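Quick note on labels: first sequence line is chain A, next is B, and so on, each numbered from 1. Keep in mind that what you see is a predicted model, and the values were worked out from it rather than measured.
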There are 2 protein chains.
Amino acid sequence: MRANKSKRAPSDRTVGRLTLYRRILNEIADDGVKHVHSHALALRAGATAAQVRRDLMVVGYEGTPRRGYGVAQLISALTSFLDEPGGQPVALVGIGNIGRSLLAYFVGRRPNLSIKAAFDVDPQKIGRVINGCRSFDLSELDREIEAQGIRVAILAVPASEAEQVARRLVDAGVVGILNFAPVALHTPPGIYVENVDVTMSLEKVAFFSRRKKARTAG
Amino acid sequence: MRANKSKRAPSDRTVGRLTLYRRILNEIADDGVKHVHSHALALRAGATAAQVRRDLMVVGYEGTPRRGYGVAQLISALTSFLDEPGGQPVALVGIGNIGRSLLAYFVGRRPNLSIKAAFDVDPQKIGRVINGCRSFDLSELDREIEAQGIRVAILAVPASEAEQVARRLVDAGVVGILNFAPVALHTPPGIYVENVDVTMSLEKVAFFSRRKKARTAG
DNA sequence: ATCACGCTGTGAATCATTTCACAATTAGAC
DNA sequence: GTCTAATTGTGAAATGATTCACAGCGTGAT
């Protein structure tokens with residue numbers, strides 16, 4: 001089959017699914033399975049076989065007809081496509097409910113993306129080591145981010161502070177932000193922002209649950 | 001202007017933004033502002049003016065040229081479009097890190113969507129009242145959901161349990177699920193599932209932060 | 001060796017979403 | 001009352017994402 005020609009930047013949606021495929025492949029590999037078809041991947045990812053194949057076009061690894069994709073090879077192709085080789089340190093700003101959950105959640109989960117510094121304004125929360133991550137006063141944000149060369153940040157501060165903190169992050173060198181604050185950040189071009197808005201998500205679910213008939217119990 | 005003709009079901013994306021507009025409008029209303037233009041809403045929502053107007057076509061309230069939208073009227077139109085009149089009770093399954101954060105987060109935030117029952121398998125967590133919400137053993141899920149007529153659920157259990165719990169939820173009458181487990185749920189047609197996958201989100205941010213130049217501090 | 005089956009990769013078609021662009025409208029100035 | 005400038009609602013165009021459909025190929029069977 002022809003080699004990938006790296007046509008253009010993959011879409012946001014595609015990259016999201018690629019991370020999902022990798023996670024599924026890791027589970028499959030743990031089961032000792034060596035090969036997998038696009039159809040099987042699609043089933044577990046909640047997508048279609050055609051979409052899986054289309055998504056995989058960007059990663060530069062090709063399966064073989066009748067045999068499918070080599071699980072180990074595809075994992076390694078995905079990893080070299082998705083991950084920065086030396087790992088990417090992540091900063092967390094805001095050690096509230098959400099922030100602490102995230103610290104606990106990410107510890108050891110994706111070694112390539114470990115949270116290397118956490119920031120807050122509450123003196124009770126600073127100067128500690130939480131889940132293997134040192135916490136600092138917000139005033140040290142710029143210095144610490146520059147010192148560690150951090151380019152990815154998780155923003156988990158109150159909505160009223162988000163815009164201002166985002167600006168400081170960008171000025172310190174951050175180019176990607178995972179934003180949990182329920183506001184639209186206004187960042188310069190070239191900065192990637194992904195919003196997680198649980199209230200919006202729940203309201204969407206509630207809306208699409210209106211006036212629907214429940215299934216009869218089975 | 002012509003009246004809305006309720007052409008078809010609004011898209012997922014549109015509904016999400018409508019909830020966002022309502023939130024922004026509530027903030028604007030608190031500032032005592034009476035009218036707002038599509039352009040101002042767009043700025044705060046991170047959208048374009050045309051998109052705001054397009055989205056608002058579905059809600060059956062129209063602004064007036066030169067004056068824009070009446071803030072109070074638009075809030076009430078959005079609310080009658082988005083909300084079920086008597087409110088929608090919500091169930092939470094899984095009282096771990098995420099579950100507890102959500103309980104704390106949603107208490108009093110959207111009165112129309114209050115979490116009315118929480119479930120877990122850990123005996124230490126059941127039979128209590130956490131943030132005004134009673135917690136039950138998982139075995140009582142079906143009974144309690146049917147008794148309270150709950151149709152919306154938040155799924156915050158380990159990935160290995162998610163599929164099975166989702167099936168029970170659907171059988172008990174749930175038609176919309178906000179899924180925090182990192183697996184694709186296989187639900188019958190007509191069931192609305194919204195996934196929140198923080199690992200995927202962070203990996204997306206990390207990917208789009210690769211090989212980007214940081215902005216020079218200013 | 002040869003063959004047939006079934007899976008991949010991808011151009012083209014379809015479907016969905018966003019943006020453009022402008023007629024219709026109206027608040028406010030005079 | 002009349003005019004002007006600005007804003008809305010929306011048809012149409014543009015853009016983006018997904019699905020279709022099939023040529024081409026490698027595997028395993030014989």
Side-chain angles (χ1 to χ4, degrees), chain A residues 1-18 20-21 25 28 33-71 73-74 77-78 81 184 204 208, chain B residues 1-18 20-21 25 28 33-71 73-74 77-78 81 184 192 200 204 208:
Chain A
M1 313 258 162
R2 237 162 314 155
N4 163 273
K5 282 286 174 200
S6 88
K7 308 168 184 197
R8 74 192 67 178
S11 81
D12 185 76
R13 288 269 190 57
T14 293
V15 172
R17 283 190 300 264
L18 290 175
L20 187 52
Y21 302 152
L25 286 163
I28 287 176
V33 176
K34 299 289 184 234
H35 294 271
V36 66
H37 294 158
S38 60
H39 178 74
L41 260 182
L43 192 67
R44 298 208 31 183
T48 66
Q51 184 154 64
V52 170
R53 297 200 298 274
R54 174 73 62 190
D55 288 338
L56 292 181
M57 282 177 68
V58 303
V59 308
Y61 169 72
E62 306 203 337
T64 56
R66 290 213 46 135
R67 186 180 284 244
Y69 303 94
V71 172
Q73 293 90 327
L74 186 47
L78 281 167
F81 179 79
K204 275 164 64 172
F208 287 109
Chain B
M1 314 251 164
R2 236 162 317 154
N4 165 272
K5 281 288 173 198
S6 88
K7 308 168 185 199
R8 73 192 69 175
S11 81
D12 185 78
R13 289 267 188 59
T14 294
V15 172
R17 284 189 300 265
L18 289 176
L20 186 53
Y21 302 151
L25 286 162
I28 288 176
V33 175
K34 299 290 185 232
H35 294 272
V36 66
H37 294 159
S38 61
H39 178 75
L41 261 182
L43 192 68
R44 299 209 30 184
T48 66
Q51 184 156 66
V52 170
R53 297 200 297 274
R54 174 74 61 190
D55 288 338
L56 292 182
M57 281 177 70
V58 303
V59 308
Y61 169 73
E62 306 203 338
T64 57
R66 293 224 34 151
R67 185 181 285 241
Y69 303 94
V71 172
Q73 292 91 326
L74 185 48
L78 281 166
F81 180 78
Y192 183 87
M200 177 193 289
K204 276 164 62 173
F208 287 109

Consider the side chain of Pro65(B), meaning its heavy atoms from C-beta on, and name the nucleotide among dT8(C), dC20(C), dT8(D) that approaches it most closely.
dT8(D)

dT19(C) base to Arg54(B) side chain: any donor-acceptor pair below 3.5 Å?
yes

What is the distance from CG of Leu56(A) to P of dT8(C), rounded to the nearest Å?
10 Å

So CG of Leu74(A) and CG of Leu25(A): to nearest 0.5 Å the spacing works out to 5.0 Å

Nearest-0.5 Å distance that lies between atom CG in Leu43(A) and atom OG1 in Thr48(A)
11.5 Å

Output the rounded distance in Å from CZ (Arg17(B)) to C1' (dT19(C)).
12 Å

In whole Å, what is the span from the CD atom of Gln51(B) to the C1' atom of dT8(D)?
16 Å

Can you measure Leu74(A) atom CG to dT8(C) atom P for me and round it to whole angstrom units?
11 Å

Rounded to the nearest 0.5 angstrom, the CZ-NZ distance for Arg17(B) and Lys204(A) is 9.5 Å

Round to the nearest Å and state the distance from Arg53(A) atom CZ to dC22(D) atom P.
14 Å

Between dG9(C), dT17(C), dT19(D), which nucleotide gets closest to the side-chain atoms of Tyr69(A)?
dG9(C)

Distance, rounded to the nearest Å, where Asp55(B) contributes CG and dT10(D) contributes C1'
13 Å

5'-most contact on DNA chain C (nearest-nucleotide basis), Arg66(A) vs Ala49(A), goes to Arg66(A)

Result for 5'-nearest mapping on DNA chain D, choosing between Arg13(A) and His37(B), is His37(B)

Identify whether any heavy atom of Thr14(A) sits under 4.0 Å from a base atom; if not, whether one sits that close to sugar-phosphate; answer base, sugar-phosphate or nothing.
nothing

Find the distance between CZ (Arg54(A)) and OG1 (Thr14(A)) and round it off to the nearest 0.5 Å.
9.5 Å

Report yes if a side-chain nitrogen or oxygen of Thr64(B) is closer than 4.0 Å to either non-bridging phosphate oxygen (OP1 or OP2) of dT26(C); otherwise report no.
no

What integer distance in Å separates Leu43(A):CG from dC7(C):C1'?
17 Å

What orientation do Tyr69(A) and Tyr61(A) show, parallel under 30°, tilted 30 to 60°, or perpendicular over 60°?
tilted

Calculate the interatomic distance between Asp12(B) atom CG and dT18(D) atom C1'; express it in whole Å.
15 Å

Taking only the side-chain nitrogens and oxygens of Ser11(B), find out if one of them lies under 4.0 Å from OP1 or OP2 of dA16(C).
no

Do Arg67(A) and dG28(D) have a side chain to base donor-acceptor pair shorter than 3.5 Å?
no

